[in-house]
Amino acid sequence: MGPLVRLSRVGRYRSAGSGECRVRVRTRGLVALGAACGALVLAGCGSETVAGEAEAVGTGAGEPVFSPCDDIPDDALRAAGVDPSTESRDIIGVKQPGWNVCGWHGDGPSLSVFATTHTLDEVRANKQNTEFAPVELRDRAAFSYREQSDRERRSCDVAVESHEGAILVSVVYLGVDPVVEEPCSVAVRTTHQLVENFPA
């Protein structure tokens with residue numbers, strides 16, 4: 001597989017009872033397969049930013065302590081089907097306020113884990129998210145969901161409650177790779193494999 005280009009995707013959060021616009025950052029891996037990737041426009045709060053001009057986003061109170069790159073053991077990542085040596089930290093190498101982000105890839109779909117000070121309620125309130133389904137995860141509140149923009153159904157996320165806010169486990173099939181297993185099934189299984197490493 002060729003080199004992965006880590007791109008960011010954003011969604012909006014709005015605090016309950018306030019008009020403050022909060023921006024959620026997502027990473028997705030994209031394999032360039034014969035097509036040139038132009039400037040990626042990031043939809044912010046009423047403004048646009050072209051990729052390469054990294055914009056600090058996310059306004060959660062404080063910073064998450066949990067760091068997926070540092071706190072998930074290599075053995076757990078291998079068990080989840082990704083190669084620890086492919087680690088990609090933050091968003092195009094830029095730390096986002098209120099977020100700790102890490103991604104990896106392997107022979108199957110790519111994996112990203114997000115620790116955030118945003119809550120499960122904010123994830124559910126994000127109008128860019130859809131198809132919420134409860135996930136049984138020991139004594140942890142959790143649900144799976146998709147993004148409205150994923151019309152080809154190549155990705156799925158699981159949001160897990162944390163005392164810091166939430167931890168999001170995201171899987172996506174890259175480029176034109178065939179979707180060999182339903183992404184939400186992969187995301188739920190991967191969350192079960194990794195959850196023991198997540199703070200309660």
Side-chain angles (χ1 to χ4, degrees), residues 3-13 15 22-30 42 51 54-106 108-124 126 129 135 137-145 147 155-172 174 186-200:
L4 295 180
V5 180
R6 303 302 297 183
L7 301 179
S8 63
R9 295 174 68 183
V10 298
R12 293 185 182 128
Y13 282 114
S15 298
R22 294 187 171 187
V23 181
R24 187 188 74 162
V25 178
R26 300 284 313 279
T27 58
R28 291 287 192 222
L30 178 66
L42 304 182
E55 183 179 72
V57 295
T59 56
E63 292 292 319
V65 174
F66 178 67
S67 171
C69 283
D70 301 316
D71 297 332
I72 300 178
D74 288 354
D75 287 348
L77 293 170
R78 292 188 191 97
V82 293
D83 181 354
S85 70
T86 64
E87 176 183 301
S88 176
R89 187 183 295 262
D90 298 323
I91 305 298
I92 320 176
V94 179
K95 174 72 172 75
Q96 304 299 317
W99 295 84
N100 286 331
V101 181
C102 202
W104 307 265
H105 61 89
S110 70
L111 166 68
S112 296
V113 178
F114 305 77
T116 180
T117 54
H118 293 293
T119 66
L120 291 189
D121 287 341
E122 288 179 284
V123 176
R124 191 179 288 277
N126 185 338
N129 298 333
V135 172
L137 198 64
R138 303 177 186 174
D139 58 349
R140 307 282 290 273
F143 54 79
S144 64
Y145 64 97
E147 290 187 342
S155 65
C156 187
D157 295 9
V158 173
V160 181
E161 185 177 38
S162 167
H163 73 277
E164 295 178 343
I167 296 169
L168 312 180
V169 176
S170 175
V171 299
V172 59
L174 307 174
V186 180
V188 170
R189 182 177 67 246
T190 301
T191 301
H192 277 280
Q193 292 170 320
L194 299 179
V195 69
E196 67 181 27
N197 301 291
F198 298 167

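- Residue Asp90 holds its CG atom at 7.0 Å from CG of Asn100, rounded to the nearest 0.5 Å.
- Annotation: side chain of His163 is in contact with side chain of Pro199 (closest heavy-atom distance under 4.5 Å).
- Between His118 and Trp99, the two ring planes are tilted [angle within 30° to 60°].
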Exercise for review: Kindly determine whether Ser85 and Asp83 satisfy side-chain hydrogen bond (donor to acceptor under 3.5 Å, both in side chains), including the steps that lead there.
Suggested key: CA-CA 5 Å; Ser85 70; Asp83 181 354; 2.9 Å; yes
Review point. Going through the distances and angles, do Val195 and Arg140 end up as a side-chain contact (heavy atoms from CB on, under 4.5 Å)?
Key: CA-CA 9 Å; Val195 69; Arg140 307 282 290 273; 4.0 Å; yes
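- For Glu161 against Leu120, the heavy-atom pair with the smallest separation is CB-CD1, 3.6 Å.
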Review point. Hey, mind stepping through Phe198 and Asp71 against side-chain contact (heavy atoms from CB on, under 4.5 Å) and telling me if it holds?
Key: CA-CA 8 Å; Phe198 298 167; Asp71 297 332; over 6 Å; no
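- Atom CG in Leu194 sits 11.0 Å away from atom CZ in Arg189 (nearest 0.5 Å).
- With sequence neighbours excluded, the residues forming a side chain to side chain contact (heavy atoms under 4.5 Å, CB included) with Val82 are Leu77, Trp104, Leu111, listed by chain and number.
- Distance CG/Asn126 to CG/Asp121: 12.5 Å, rounded to 0.5 Å.
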Review point. Taking it one step at a time, do Tyr145 and Val135 satisfy side-chain contact (heavy atoms from CB on, under 4.5 Å)?
Key: CA-CA 10 Å; Tyr145 64 97; Val135 172; over 6 Å; no
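- In terms of heavy atoms, Phe66 sits closest to Asn197 at CE1-O, 3.3 Å.
- Under the 3.5 Å distance criterion, the side-chain polar atoms of Thr116 are left unmatched by any main-chain donor or acceptor of Pro64.
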Check your understanding: Stepwise, does the side-chain contact (heavy atoms from CB on, under 4.5 Å) test hold for Arg89 with Ser67?
Key -> CA-CA 10 Å; Arg89 187 183 295 262; Ser67 171; 3.8 Å; yes
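- The CG atom of Asn129 sits 11.0 Å away from atom OG of Ser144, with the distance rounded to the nearest 0.5 Å.
- The nearest pair of heavy atoms linking Ala187 to Cys156 is CB-O, 3.9 Å.
- What you find for Ser110 and Leu174 is that their closest heavy atoms are OG-CD2, 3.5 Å.
- Listed here is the closest heavy atom pair of Gly98 and Glu63: N-OE2, 2.7 Å.
- His105 contributes atom NE2, which lies 4.0 Å from atom OG1 of Thr86 (distance to the nearest 0.5 angstrom).
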Check your understanding: Could you walk me through whether Asp75 and Arg78 pass the salt bridge (charged side-chain N to carboxylate O under 4.0 Å, His left out) check?
Key -> CA-CA 5 Å; Asp75 287 348; Arg78 292 188 191 97; 3.0 Å; yes
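- Taken to the nearest 0.5 Å, the OG1 atom of Thr119 stands 13.5 Å off from the CD atom of Glu164.
- Looking at every heavy atom in both residues, Gln193 comes nearest to Ala80 through OE1-CA, 3.4 Å.
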